[in-house]
Amino acid sequence: RPGCVPKPYPKFHCTASTPSLPKCRARGWARLGAAQLCMGHHRAAVSAYQRALELMGAVPSKEAQLGLQLANEALAGQGDRRAAVHDQEL
């Protein structure tokens, strides 16, 4: 759904020869979390965001942290997920 993710992730290309492969994998997990959150699969979103943050290590992205927070709130039943996503500012 257009506009469901707080901000679009930057364009990037990941290949097997990419030196920062864990970072690329982390972005993939974060994107999966965003998709799961938009579809209403909150438990799956939490899992995906947690995996993304694990792979990011010491420098987690604001988008992944925000996504995890929103997924946890949605899972707990706090507020409307679409409104929460659209109202958030990074």
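FYI, the numbering just counts along the sequence from 1. FYI, side chains are in, hydrogens and waters are out, and symmetry mates aren't considered; it's all heavy atoms of this structure. Computed from a predicted model, the values in this text were never measured in an experiment.
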Engineer: I need the minimum non-hydrogen distance between S61 and M56, along with the two atoms involved.
Structural biologist: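 That closest heavy-atom pairing would be N-SD, 3.3 Å.
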Engineer: Which distance, rounded to the nearest 0.5 Å, do you find between the CG of L68 and the CG of L37?
Structural biologist: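 L68 CG to L37 CG: 10.0 Å, rounded to 0.5 Å.
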Engineer: When rounded to the nearest 0.5 angstrom, what is the spacing between CD in E63 and CZ in R31?
Structural biologist: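 Answer rounded to 0.5 Å: 10.5 Å.
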Engineer: Just verifying a value: how many Å separate R27 CZ and L55 CG, rounded to the nearest 0.5 Å?
Structural biologist: 12.5 Å
Engineer: Any side-chain heavy atom of V46 within less than 4.5 Å of one from H42?
Structural biologist: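 They are not in side-chain contact.
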Engineer: Find the distance between OH (Y49) and CD (Q65) and round it off to the nearest 0.5 Å.
Structural biologist: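 Here the rounded value is 12.0 Å.
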Engineer: Identify the two heavy atoms, one from A30 and one from A52, that lie closest to each other, and give their separation to 0.1 Å.
Structural biologist: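 Answer, listing the atom of A30 first, then A52: N-CB, 3.6 Å.
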Engineer: Mind listing the closest non-hydrogen atom pair of A71 and A45 along with its distance?
Structural biologist: CB-CB, 3.9 Å
